Amino acid sequence: MSDGIDRRSMLKGSTAALGAAGAAALGSASAQAQDVASPSGTPNVNTSITLNSTSRSFAHEARVTLLDLLREQAGLPGTKKGCNEGACGACTVLLDGERINACMTLAATCDGRSVTTVEGLAAADGTLHPVQRAFIEQDAFQCGYCTSGQVVSAVACINEGHAGSEEEIAEWMSGNICRCASYPQIIAAVQQAATEMEG
Amino acid sequence: MKNFAYAIAPDISSASEAAVQGAQLVAGGTEILNWMRLGIVSADRVIDITRLPELSSIDRQGDEIRIGALATLNQIEGSDIVRQDAPVLSQACLLAASAQLRNRATIGGNVLQKTRCPYFRAEAATGDRMPWPCNKRVPGSGCSAREGDFSRAALFGATEACVATQPSDPAVALVALDAEVDLVGPSGSRSIPITRFHVTQSEAADLARTREGRRLLGGDAPETPDALIENRLMPGEIIVAYRFSVDTASRNSAYVKLRERESYEYAMASAAVCLDQSAGQVRQARVALGSIAQKPWRLSGAEAALSGQTLDEARLTSVLATAFSDAEPLPHQDYKVKVAQGAVRRALTKAGGSIQ
Ligand SMILES: Cc1cc2nc3c(=O)[nH]c(=O)nc-3n(C[C@H](O)[C@H](O)[C@H](O)COP(=O)(O)OP(=O)(O)OC[C@H]3O[C@@H](n4cnc5c(N)ncnc54)[C@H](O)[C@@H]3O)c2cc1C
Ligand code: SF4
Ligand code: FES
Ligand code: FES
């Protein structure tokens, strides 16, 4: 589709193809054309999410991933882009409490759901999350590029009950690559935080 | 990735109709987003199928387990029903991808993932921008993997045109469980055995000459059709669920995945085994191998040869030698035969078999 073609009429065409029953069931937020310009092009969907406990609404292009939405539109650059293909885990966020790769998730599919990023882990008064503190105390990073993904992933890993042993942590944290190879310290940090959170 | 129109499918038939008209369906998105980035597919319309209730849930009725196509790999891994009555499927899901990806990746999309051949996964918006030949990307251009470095090339069923393998782990378990795939398409619903769902390149070459094959190819008859057809899913067909019967062999089943790194890595070779053994004798063994062909590779000959026999070392060695006698590894990849045989041995033991 060239940029000359009106995306809104395209979208309307597709909605019509789904039939009348379909259009009704499509819901308010899923397929509305927007007139607001955004940095990455003409928005053609509107997505509402509860982002770090706050209700937010974004008009954006349908192709925008949750990762790009967070970094470029929501002003939350804590979530990192490493590979942009699902292979590194730097973009890990919680979607309805479950850890996912934000780079492999279309923002539009998150409509009506809740997203927690690394910025949303600390308490309102700035008190760090036990996992964040454990990463500092155990020296669990070097360059720090993978760290926000590691921290968010570790929160989920502990909540899931997958932090029972070093082996279990290594397996369930394997979706987060650390190019600096801080793995022993990361495992120690997860163990420390798990003890504190479960204790 | 260019922009597209996006809508949530309200029901299966509208999703199916949209797909017939060229829309791309998205479930977890963990494959198709990469295809769109690389230029493997391009979409004007994307239809989100994740809110179709018929495709969700994992349940058991009598002796039959039904896994909805939208079940994520983590949901299947953690399901008590699956853990107890078909551990091979639970283990295959657990050993796939990463904890994060498994929360998104659905088992419907999983069996439709494409080869990890690095030449295939080149970034090229259009065919003329491909940096090297690949018959799956540009039919007739050639196959770089044959001369190149692709350690996950096929041992069975490949052709001159393409040596790619299907990398799915869950599909291997489903094949060992003799699952049925429930499909709904523009011309109604049907079920096919998962053992017939994927096709090797040489099966694809034969299929291309049939009416079914021409429909799969969308009417065109390109050069090297054997590189293009990968399964029997018709245009517009939606995978609704997988079903399989629970039996003694499925309860005593296991999955073993051998790979270059211990976790978060595709298989070099994998094995799924369902084993019914009593008093040292094999009553039934179902064995499927992963990542050594463009489809999960059932060892039917070996299964028959083991049936009614004791599982002793000499017999197993000779049965496995026969099973791989017509394997065709690429030059310098003979070791893959040993890796695959090792996976079967380990899976037999993990499934509770005692090798005397
Ligand atoms: C880094 C990485 C590592 C991975 N490692 C492994 C691994 O070790 N083992 C393994 O098995 N897999 C692995 N995967 C693959 C992953 O499991 C698949 O990408 C995933 O299961 C696909 O499901 P999805 O729902 O995300 O599919 P999508 O990306 O949403 O869809 C893929 C395709 O399937 C179609 N589709 C989806 N659902 C249906 C349906 N119900 N009916 C009809 N068509 C449908 C879509 O239209 C699309 O064409 C890995 C992926 C990544 C990115
Ligand atoms: S034709 Fe097949 S094996 Fe050859 S480069 Fe392409 S995908 Fe890889
Ligand atoms: S940026 Fe998402 S996994 Fe690497
Ligand atoms: S601290 Fe540098 S990549 Fe992990």
Side-chain angles (χ1 to χ4, degrees), chain A residues 1-3 5 7-8 10-15 17-19 21-27 30-31 40-42 44-45 61-65 84-87 89 91-93 95 98-106 108-109 111 149 152-153 156-157 160 162 170-177, chain B residues 1-11 13-23 26-38 42-52 72 74-75 78 94-95 97-105 116 121 123 261-266:
Chain A
M1 185 165 65
S2 87
D3 280 341
I5 297 175
R7 290 197 178 95
R8 180 200 270 189
M10 184 83 205
L11 185 80
K12 280 188 179 151
S14 74
T15 314
L18 285 172
L26 287 173
S30 59
S40 53
T42 312
N44 64 335
V45 290
E61 287 193 328
R63 64 172 166 170
V64 167
T65 60
N84 209 33
E85 60 174 29
C91 64
T92 303
V93 299
L95 180 63
E98 287 186 342
R99 49 179 160 164
I100 59 150
N101 309 73
C103 73
M104 300 308 294
T105 304
L106 288 175
T109 62
D111 187 52
V152 176
S153 192
C157 180
E160 291 159 10
H162 289 134
E171 172 58 37
W172 284 86
M173 287 295 291
S174 74
N176 294 82
I177 305 291
Chain B
M1 196 199 308
K2 63 179 190 181
N3 198 26
F4 41 74
Y6 168 86
I8 295 172
D11 50 53
S13 61
S14 31
S16 170
E17 195 180 311
V20 171
Q21 292 164 6
V26 60
T30 63
E31 252 295 67
I32 196 161
L33 281 188
N34 281 339
W35 297 348
M36 293 194 288
R37 287 170 177 142
L38 295 172
S42 93
D44 290 332
R45 282 172 68 201
V46 168
I47 305 293
D48 181 344
I49 60 168
T50 56
R51 309 200 186 193
L52 298 176
T72 65
N74 267 345
Q75 284 166 351
L94 173 63
L95 294 172
S98 68
Q100 290 94 313
L101 286 160
R102 293 195 298 271
N103 279 333
R104 296 290 298 165
R116 291 354 258 198
R121 295 214 173 227
E123 186 174 344
R261 137 175 117 178
E262 180 61 27
S263 184
Y264 199 12
E265 178 62 289
Y266 294 96

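Just so we're on the same page: letters track the sequence lines, and every chain starts at 1. Computed from a prediction, not measured in an experiment: that's the story for all the values here.
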Most heavy-atom pairs under 4.5 Å with chain B, out of A:Val93, A:Asn84, A:Thr92, belong to A:Asn84
Pair count under 4.5 Å, heavy atoms only, with chain A: among B:Leu94, B:Leu38, B:Asn34, highest is B:Asn34
Problem set entry | Pair B:Arg116 + B:Glu31: basic N to acidic O under 4.0 Å | yes
Closer than 3.5 angstrom, by distance alone: can the side chain of B:Asn3 be matched with the main-chain N or O of A:Ala62 as a donor-acceptor pair? yes
Chain A shares the most heavy-atom pairs under 4.5 Å, among B:Leu101, B:Asp48, B:Thr30, with B:Leu101
Greatest number of non-hydrogen atom pairs under 4.5 angstrom with chain B, of A:Glu98, A:Met173, A:His162, falls to A:Glu98
Closest non-hydrogen atoms of B:Ala9 and B:Ile47, given as atom of the first, atom of the second and distance, are CB-CG2, 3.5 Å
Interatomic distance, OG1@A:Thr105 vs CG@A:Leu95, rounded to 0.5 Å, equals 7.0 Å
